[in-house]
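Structure record follows, encoded as structure tokens.
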Amino acid sequence: MNDFHPGSRYLSAAFGVTWRYLHNLYTRPAQFIPSLLFPLFFLAAFAGGLSVVADSPDFGYYDYTAFQFSFVLIQASALAGVFAGFSIASDFELGMGRRMMLATPNRSAIVLGYAIGAASRLGVTWVLVTGVSLLAGMDVGGGGLDLAGMYSLALLGNIAALLFSAGIALRFRSLQAGPLMQMPIFILLFLAPVYVPQALLTGWIEPVASVNPVTAILNASRSLLAGEPTGVLAAYAIAFGLIAALTVWAITGLRRAEVAG
Amino acid sequence: MPVPADNGIEVEDLVRQFKNGPRAVDGISLEVKPGEIYGFLGPNGAGKSTTVHMLTTLLPPTAGIARVAGFDVATEGPLVRQVIGAALQEAALDPHLTGNEHMRLQTALQGLDREDRRARGTELIDRVGLSDAADRKVGGYSGGMKRRLDLALALVHRPRVLFLDEPTTGLDPQSRSALWEEVTRLSKEDGVTVFLTTQYLEEADQLAERVGIIDAGRIVAEGTPAELKAEIGRPSVEVVPRDPARADESAAILKRFGRPVPAAGEALGVRLSEGIDELVGIVRAFDEAAIELASLVLNEPTLDDVFLARTGHHLEGDEGAGDSGEIPLPDGATAG
Ligand SMILES: Nc1ncnc2c1ncn2[C@@H]1O[C@H](COP(=O)(O)OP(=O)(O)O)[C@@H](O)[C@H]1O
Ligand SMILES: [Mg+2]
């Protein structure tokens, strides 16, 4: 009856959550399409409108579209995590959360399930964002290993954003908490060197950007795309550090949801 | 199937105090034996769902101890969840998934072996009579269909203890008796322990082997339906005089036959002190007094009488509500 391995049972529950998440996502285009259009809009707006920045002699990067692509890749990946956070909030608001809490002996499998779901939807997002950037004439400097490193950083950004959003979703258990998931991540993203390289930042944003963890990740991602990796190990260390801290945040959120009934 | 020895439920002084809210469960103790159908009967807001949430590990108790199948709900939640199934008062279903897709989700959540999932899902969907609707989205299901699906989902992992929170509220009589049949079958054939909450007297009376009556977070009576009714013992009679002006006179006549009890509307009630034989005497007395009666009803004791005797108010709905104020029960009325 219950004589399966605890480990396989745990994964089975997580995959159940993932399956439903992706099923609902892909069978309801109204939910999915907007989340794809959003990063494309940013790509078009920045890469097109601001490419004069690249004419500045101090720009120091090989290609403005590639420069913007790096940002949009991370932004879109983080957003995919946030959208999964919305689903958690809505599920707990509308009762499905309770079904999962009841049927899952080890409830962290629920968060894992959403995390796998959020990461799974990255495939479509990445293909789209990369494809459009290439069509827009982006040059790729890095080789296969560099690019794998770049996409992996985006994946870590996705996981961090999911864990952050999950922590909020499980604490509030209402879609009304949506802005609380979205806003901090947006602010953090835009307090990084989005439009110009870090060296060209002036005013208050300069010190802020220098301590923003997104800056290190973004800079490393751009260096990988250029094929001149710098600060990559530090970026990975920061990303894993963020994920470790946010895992605690998400799991304590789960505990809150558990005691709230 | 043999009944494992530890399939029961033990609850001791269980309390749930909501933050800035009521003490919804106020120190209840009860025991459900393995394989038994236990009816938890009480009006709206009595604390039934809160109790179920604590026993199913959805809500931690504020105080007290509860063991389900031998596992402590507060400290051994994962073990409890492996052996219980639950259909909550508000069936949590996803309107965008079909019945079969719900089965797929539930069997995965419960960690069934991959090969068993489809067969188990089909079997249960069939058992609750949803085969024809299995590929339709649940958003289009009726209330009864949703309940049936929810019950089927609760059973996928063959739970040893089943919690059903008001499973028949809002169901038509046909669906209700089908559900009663299924619950009885689960208990008798599969040895499943069933903890069922209800607001309905007949449900507790007919379905449950033992009943706990809860009001305002406290258990006011517990036992088999027969035991509980035997505590009340004697039947009651309600009369309505045709001429309302003669109500006082009528009450005086009734008083000769027993203790006044609350009754609905214009009716006057009396708990017969001798038993059913007095009925003839009552009819004769009204005849002699030349009081015409619009109605005369004999009530065998019901669980509502038990409830009334213990709490001073009626269990069900609005009918009779407030009567307890008109005819205060003497203190002795609560003695068994
Ligand atoms: N989450 C909650 N927060 C505050 N009060 C609650 C909560 N859930 C239930 N209650 C209150 O606890 C009491 C018992 O509720 P409940 O257990 O749902 O009763 P029943 O299921 O018997 O109708 C009610 O007064 C209800 O309003
Ligand atoms: Mg209830």
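Since we're looking at a predicted model, the values are computed, not measured. Reminder, nothing fancy here: chain letters follow the sequence lines and each chain counts from 1. Just the heavy atoms: all of them, side chains too, but no hydrogens, waters or symmetry mates, feed the values below.
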**Q.** Arg120(B), part contacting chain A, at a heavy-atom distance under 4.5 Å
**A.** neither
Q. For Arg20(A), is it the side chain, the backbone, both, or neither that has a heavy atom closer than 4.5 Å to a heavy atom of chain B?
A. side chain
Q.
For chain B, which candidate among Glu258(A), Arg28(A), Met101(A), Met100(A) shows the most heavy-atom pairs at distances under 4.5 Å?
A. Arg28(A)
Q.
I'd like to verify something: which residue of Gly113(A), Gly97(A), Ser12(A) has the highest number of heavy-atom pairs under 4.5 Å with chain B?
A. Ser12(A)
Q | Top of Thr56(B), Asp94(B), Thr50(B) for chain A proximity - count of heavy-atom pairs under 4.5 angstrom | A | Asp94(B)
**Q.** Asp165(B) and Thr197(B): side chain donor to acceptor below 3.5 Å
**A.** yes
Q.
Within the 3.5 Å criterion, strictly below it, is a donor on Ser49(B) or Gln89(B) matched to an acceptor on the partner's side chain?
A. yes
Q. Between Arg171(A) and Thr252(A), does any side-chain donor sit less than 3.5 Å from a side-chain acceptor?
A. yes
Q. Where does Ala109(A) contact chain B at under 4.5 Å (heavy atoms): side chain, backbone, both or neither?
A. neither
Q) What residue, out of Leu58(B), Leu59(B), Leu88(B), has the most heavy-atom pairs lying under 4.5 Å from chain A? A) Leu58(B)
Q: Could you look at Leu105(B) and say if it's the side chain, the backbone, both or neither that has a heavy atom under 4.5 Å from chain A?
A: both
Q: For Lys48(B) and Leu196(B), indicate whether the former's side chain and the latter's backbone hold a donor-acceptor pair under 3.5 Å.
A: no
Q: Indicate yes or no for a side-chain donor-acceptor contact from Lys137(B) to the backbone of His96(B) under 3.5 Å, with no hydrogens or angles considered.
A: yes
Q) Mind checking which of residues 151-169 of chain A sit less than 4.5 Å from chain B, heavy atom to heavy atom? A) none
(Q) Checking the side chain of Gln75(A) only, and the main-chain atoms of Phe71(A) only, is there a donor and an acceptor separated by less than 3.5 Å? (A) no
Q. Partners of Arg67(B) by salt bridge (charged side-chain N to carboxylate O under 4.0 Å, His left out), sequence neighbours excluded?
A. none
Q) Side chains of Tyr141(B) and Arg148(B): do they bring a donor and an acceptor to under 3.5 Å? A) no
**Q.** Residue list, side chain to side chain donor-acceptor pair (under 3.5 Å) with Ser77(A), at least two apart or on another chain
**A.** Trp126(A)
Q: Under 4.5 Å heavy-atom distance to chain A, tell me which part of Leu79(B) shows up: side chain, backbone, both or neither.
A: neither
Q: Identify, with sequence neighbours excluded, every residue that meets side chain to side chain donor-acceptor pair (under 3.5 Å) alongside Trp19(A).
A: none
Q. Any idea which of Glu101(B), Arg104(B), Glu90(B), His53(B) has the most non-hydrogen atom pairs under 4.5 angstrom with chain A?
A. Arg104(B)
Q: Measure from the ring center of Tyr114(A) to the ring center of Phe86(A) and say whether it is less than 6.0 Å.
A: no
